[in-house]
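Model, not experiment: these values are computed from the prediction. Computed over heavy atoms, backbone and side chain alike; hydrogens, waters and symmetry mates excluded.
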Amino acid sequence: MASRATTVPIHGNYHGYYNKRPFIQDPRLQLLPPELFQHARVLDVGCNEGWVTCEIAQLWNARRVVGVDLDETLIRAAWKRRRTVWSLQAPPSSSSHQDEVDADAMEVDSALDAEVDYFPASCEHMFGALPIPPQSEDEAVSADRFPHNLTFQTADWTRQAIHEDSEGYDAVVAFSISKWIHLNDGDDGLLRFFRRVHSVLTTGGTFVLEPQEWDTYAKAKRMDTRLKENAKDLKLRPEDFERILREIGFGPAEHLGRTGEGGE
């Protein structure tokens with residue numbers, strides 16, 4: 001599918017979005033249970049430049065992470081981000097990960113405390129990012145370890161399935177994208193998105209949704225006349241989402257709190 005990138009980010013596809021948020025670890029992820037992504041297949045919908053996606057793949061012990069965004073330029077930046085994050089990562093120790101860490105919870109704690117400033121950013125500016133090693137039998141560069149456990153796809157996932165969907169996901173992450181789906185595709189489009197998520201989740205899987213509040217729609221719809229017209233027909237509100245998700249077949253919602261800015 002061709003890229004739908006536009007000059008005006010009417011899909012919430014802001015370029016340089018994370019450059020305005022000076023943190024290494026996204027505070028929204030810190031609200032989640034540490035075991036959520038352990039050994040999991042994870043889908044990050046609307047991944048933008050891949051900062052959150054890379055963090056899940058590198059630090060949260062996920063087995064496979066897929067980031068998808070409809071903006072091809074953002075996906076190219078996400079692949080670059082993957083290599084940058086790999087460059088900042090210290091080399092593995094001589095002992096294997098399994099020898100050092102036995103319990104799953106300890107694995108996550110260890111990963112979150114990992115040294116990620118080994119290769120200063122100035123080195124990348126001067127010499128370029130470090131090359132990513134090929135996959136091998138070595139656990140440190142195996143398929144279920146960062147960076148090989150991470151891939152990106154350009155697609156409007158609300159409408160278009162991707163190959164990775166066929167295996168299902170243990171967790172689907174949707175940070176600050178519901179408003180843009182809602183304004184672009186209406187109530188029906190948002191319901192289609194929720195149903196798509198439900199259809200690809202494995203039994204017992206988790207949908208991590210960060211909905212934007214209704215009052216943030218006012219600024220967004222002014223970006224484009226089509227969004228403004230679409231907004232007139234919206235009947236659903238963010239406070240309805242929990243009920244709708246239950247009707248689709250999701251379990252009871254767990255509210256994990258708020259943090260930082262976001263909501264664009």
Side-chain angles (χ1 to χ4, degrees), residues 1-7 9-29 32 37 40-89 111 114 116-117 119 121 124-125 128-135 141 143-165 167 169 171-178 180-181 193 197 200 208 210 260 262 264:
M1 182 177 179
S3 168
R4 291 171 58 187
T6 58
T7 302
I10 62 171
H11 299 283
N13 50 320
Y14 293 97
H15 292 208
Y17 178 83
Y18 286 98
N19 293 333
K20 302 174 184 178
R21 289 156 174 77
F23 46 71
I24 296 176
Q25 295 179 7
D26 194 297
R28 293 171 296 185
L29 291 179
L32 303 179
F37 300 124
R41 283 180 54 85
V42 182
L43 175 67
D44 181 10
V45 184
C47 67
N48 198 269
E49 295 176 346
W51 285 52
V52 167
T53 331
C54 286
E55 183 178 341
I56 294 171
Q58 182 196 34
L59 300 180
W60 290 81
N61 204 31
R63 177 168 58 91
R64 177 66 53 187
V65 184
V66 180
V68 64
D69 200 286
L70 53 72
D71 190 324
E72 185 176 356
T73 301
L74 291 177
I75 289 298
R76 287 198 297 268
W79 281 112
K80 182 178 179 181
R81 175 67 185 170
R82 171 178 176 259
R83 189 171 176 185
T84 294
V85 173
W86 167 256
S87 297
L88 296 174
Q89 180 174 284
V116 294
D117 198 22
F119 187 75
E124 182 180 10
H125 293 318
L130 296 177
I132 291 177
Q135 295 181 33
V141 290
D144 60 353
R145 294 289 178 185
F146 184 78
H148 296 299
N149 64 343
L150 173 61
T151 189
F152 294 100
Q153 296 279 354
T154 304
D156 184 350
W157 192 82
T158 62
R159 299 173 178 271
Q160 175 189 5
I162 59 176
H163 173 73
E164 288 82 359
D165 293 346
E167 294 186 45
Y169 305 97
V172 174
V173 177
F175 282 156
S176 295
I177 64 169
S178 58
W180 301 106
I181 297 171
F193 169 62
V197 172
V200 299
V208 181
E210 180 195 25
E264 292 290 345

Do [X] and [Y] have side-chain heavy atoms sitting under 4.5 Å apart?
X    : Y    : result
I75  : C47  : yes
V85  : P147 : no
V173 : F37  : yes
L70  : Q160 : no
H163 : Q153 : no
I132 : H148 : yes

Rounded distance [0.5 Å steps], [atom1] in [X] versus [atom2] in [Y]:
X    : Y    : atom1 : atom2 : result
W79  : T84  : CH2   : OG1   : 13.5 Å
I162 : D156 : CD1   : CG    : 11.5 Å
L74  : H11  : CG    : NE2   : 11.5 Å
Q58  : L150 : CD    : CG    : 10.0 Å

Ring geometry between F146 and W86 (parallel below 30°, tilted from 30 to 60°, perpendicular above 60°): tilted
Considering all heavy atoms, the nearest [X]-[Y] contact:
X    : Y    : value
F152 : C54  : CZ-SG, 4.2 Å
N149 : A62  : ND2-O, 3.0 Å
V45  : I177 : O-CD1, 3.5 Å
P9   : W180 : O-CZ3, 4.0 Å
A143 : R64  : O-NH2, 3.2 Å
D69  : N48  : OD2-N, 2.9 Å

With A77 via side-chain contact (heavy atoms from CB on, under 4.5 Å) - residues at least two apart: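 Per chain and number, A77 pairs via side-chain contact (heavy atoms from CB on, under 4.5 Å) with E49.
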Where the side chain of [X] meets the backbone of [Y], is there a donor-acceptor pair that is under 3.5 Å apart?
X    : Y    : answer
E210 : S176 : yes
R81  : R76  : no
E55  : D26  : yes
R41  : E164 : yes

By salt bridge (charged side-chain N to carboxylate O under 4.0 Å, His left out) - contacts of R63 (at least two apart):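 Checked R63 against salt bridge (charged side-chain N to carboxylate O under 4.0 Å, His left out); zero matches.
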Residue pair W157 / D165, side-chain donor-acceptor N/O under 3.5 Å: yes
Verdict with supporting geometry, V52 and Q25, side-chain contact (heavy atoms from CB on, under 4.5 Å): CA-CA 8 Å; V52 167; Q25 295 179 7; over 6 Å; no
Face-on cation placement of R28 at F175 ring, 6.0 Å and 45° thresholds: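 R28 over F175 ring: yes.
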With sequence neighbours excluded, residues passing ring-ring contact (aromatic ring centres under 6.0 Å, His included) with Y169: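 Per chain and number, Y169 pairs via ring-ring contact (aromatic ring centres under 6.0 Å, His included) with no residue.
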